[in-house]
A.B. asks: 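Quick one: the structure is below, questions incoming.
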2 protein chains.
Amino acid sequence: MNNIPAPEVLFELADVFKVFGDSTRLRILYTLFDDEQSVGEIAESLGMEQSTISHQLKVLRTNKLVRLRREGKQIYYSLDDDHVKKIIEMGLDHVLE
Amino acid sequence: MNNIPAPEVLFELADVFKVFGDSTRLRILYTLFDDEQSVGEIAESLGMEQSTISHQLKVLRTNKLVRLRREGKQIYYSLDDDHVKKIIEMGLDHVLE
DNA sequence: TGAACATATGAATAAATGTTCATATGTTAA
DNA sequence: TTAACATATGAACATTTATTCATATGTTCA
């Protein structure tokens, strides 16, 4: 796996890491580590504007890091797959070493 | 591991991912996957300005993703540890899935 | 010492990005 | 249908960031 990936893959890869590269998005992801939460719950729990959370959830969604489920008026977000946790764990290992 | 890390850890974590979130830096890291390279070699191989590479190597160095070794006039850079490869592999898995 | 070379660095600029405010969209219940 | 609520979205603004150019620093060799 020593070759540089094709440009479009490389840009996608950079984009994925960019998504993890913001503390607000990391906090949102951590909030979803245990179980799904509605937009309002996340905003409340992080003490941030609903709008901010919504914008960032869109970024997370676009990059397939979270998925959503509608239930009545609320929309519940959850982590999309296990990569998310693993990537964060890897990063944390590096920071804490 | 369900708790949100302390703010300063969180910011560090975001910073690390930020470093991976740029295609130039990813290309530099890939260039170093096999073995060490001098600044000039990297610049040449990527077809970019020496100055650009030097600036980005500094970012990589600051975040402990690469280390350097001086040999005469040249400075050879190499990956600092295995986390680097692993983190990139994880990201790639996510992109390619 | 001085010339040649390799790398680093500072300032400037353009582009990307996170947050806020205001408002739109969509859902529920009366 | 309308009111109330939850979420999404667009525009604006401030901040961050990647690249370039010019130049400084540091090393080798004559």
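Sequence lines set the chain letters: A, B, ... in the order given, protein chains first and strands last, and positions in each chain run from 1.
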A.B. asks: With sequence neighbours left out, what residues match A:R25 under side chain to side chain donor-acceptor pair (under 3.5 Å)?
C.D. replies: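 If we apply the side chain to side chain donor-acceptor pair (under 3.5 Å) test to A:R25, skipping adjacent residues, the hits are A:Q56.
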A.B. asks: Which listed nucleotide (C:dT17, C:dT7, D:dA8) is nearest to the side chain of A:S54?
C.D. replies: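 Closest nucleotide among those given: D:dA8.
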A.B. asks: Between P on D:dA8 and CD1 on A:I28, what's the gap in Å once rounded to a whole number?
C.D. replies: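 In whole Å, D:dA8 P and A:I28 CD1 are 11 Å from each other.
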A.B. asks: In whole Å, what is the span from the CZ atom of B:R27 to the P atom of D:dA18?
C.D. replies: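 Computing the B:R27:CZ to D:dA18:P distance gives 15 Å.
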A.B. asks: For the side chain of B:T24, counting heavy atoms from C-beta on, which of D:dT19, D:dT7, C:dT19 is nearest?
C.D. replies: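 So the nucleotide nearest the side chain must be D:dT19.
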A.B. asks: Rounded at 0.5 Å granularity, tell me how far CD1 in A:I88 sits from CG in A:L79.
C.D. replies: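 That separation rounds to 7.5 Å.
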A.B. asks: Could you walk me through whether A:F33 and A:Y30 pass the ring-ring contact (aromatic ring centres under 6.0 Å, His included) test, one step at a time?
C.D. replies: CA-CA 5 Å; A:F33 255 47; A:Y30 267 109; 4.8 Å; yes
A.B. asks: Round to the nearest Å and state the distance from B:L46 atom CG to D:dA18 atom C1'.
C.D. replies: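 Rounded to whole Å, this separation is 15 Å.
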A.B. asks: In whole angstroms, how far is the P atom of C:dT19 from the CE atom of A:M48?
C.D. replies: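 Going from A:M48 (CE) to C:dT19 (P), I get 5 Å.
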A.B. asks: Between the base of C:dA6 and the side chain of B:Q50, is there any donor-acceptor pair under 3.5 Å?
C.D. replies: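 Result: no qualifying N/O pair found.
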A.B. asks: Only pairs with both distances under 3.5 Å count, Watson-Crick or wobble alike; so what is the partner of D:dG10 in this structure?
C.D. replies: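 Pairing partner: C:dC21.
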A.B. asks: Tell me whether B:H55 is stacked on the nucleobase of C:dT9, counting only the six-membered base ring and applying the 5.5 Å and 30° thresholds.
C.D. replies: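 Stacked: ring centres under 5.5 Å, planes under 30°.
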A.B. asks: Please list, by residue number, the residues of residues 65-80 of chain B whose heavy atoms come closer than 4.0 Å to an atom of DNA chain D; answer none if no residue qualifies.
C.D. replies: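 When residues 65-80 of chain B is checked for heavy atoms under 4.0 Å from DNA chain D, the hits, listed by number, are B:R70, B:G72, B:K73.
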A.B. asks: In whole angstrom, what separates B:L60's CG from C:dA8's C1'?
C.D. replies: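 Rounded to the whole Å, the gap is 15 Å.
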A.B. asks: Rounded to whole Å, please give me the gap between CD in B:E41 and C1' in C:dC5.
C.D. replies: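 To the nearest whole Å, that distance equals 15 Å.
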A.B. asks: Should the side chain of B:S51 and the base of C:dT9 be counted as holding a donor-acceptor pair, with the cut-off at 3.5 Å?
C.D. replies: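 Answer yes: a donor N or O sits under 3.5 Å from an acceptor.
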A.B. asks: If you measure from NE2 on B:H94 to NZ on A:K86, what distance do you get to the nearest 0.5 Å?
C.D. replies: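 Reported value, rounded in 0.5 Å steps: 13.0 Å.
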A.B. asks: May I ask you to say whether B:D15 pairs ionically with B:K18, meaning some side-chain N is under 4.0 Å from a carboxylate O?
C.D. replies: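 Yes, charged N to carboxylate O under 4.0 Å.
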A.B. asks: Find the distance B:E44:CD to C:dC5:P and express it as a whole number of Å.
C.D. replies: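 Rounded to the whole Å, the gap is 16 Å.
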A.B. asks: Output the rounded distance in Å from CG (B:L26) to P (D:dT17).
C.D. replies: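 It works out to 16 Å between those atoms.
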A.B. asks: With a 4.5 Å cut-off on side-chain heavy-atom distances among I, L, V, M, F, W and Y, is there a chain of contacts connecting B:Y76 to B:L57?
C.D. replies: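 No; tracing contacts between hydrophobic side chains, which count when under 4.5 Å, never links both residues.
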A.B. asks: Using heavy-atom distances to pick each residue's nearest nucleotide on DNA chain D, tell me which of A:R61 and B:E49 is more 5'.
C.D. replies: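 Its nucleotide being nearer the 5' end, the pick is A:R61.
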A.B. asks: How far apart are the C-alpha atoms of A:L29 and A:V66, what are their side-chain angles, what is the distance that settles it, and do they pass the side chain to side chain contact (heavy atoms under 4.5 Å, CB included) test?
C.D. replies: CA-CA 8 Å; A:L29 291 174; A:V66 300; 3.9 Å; yes
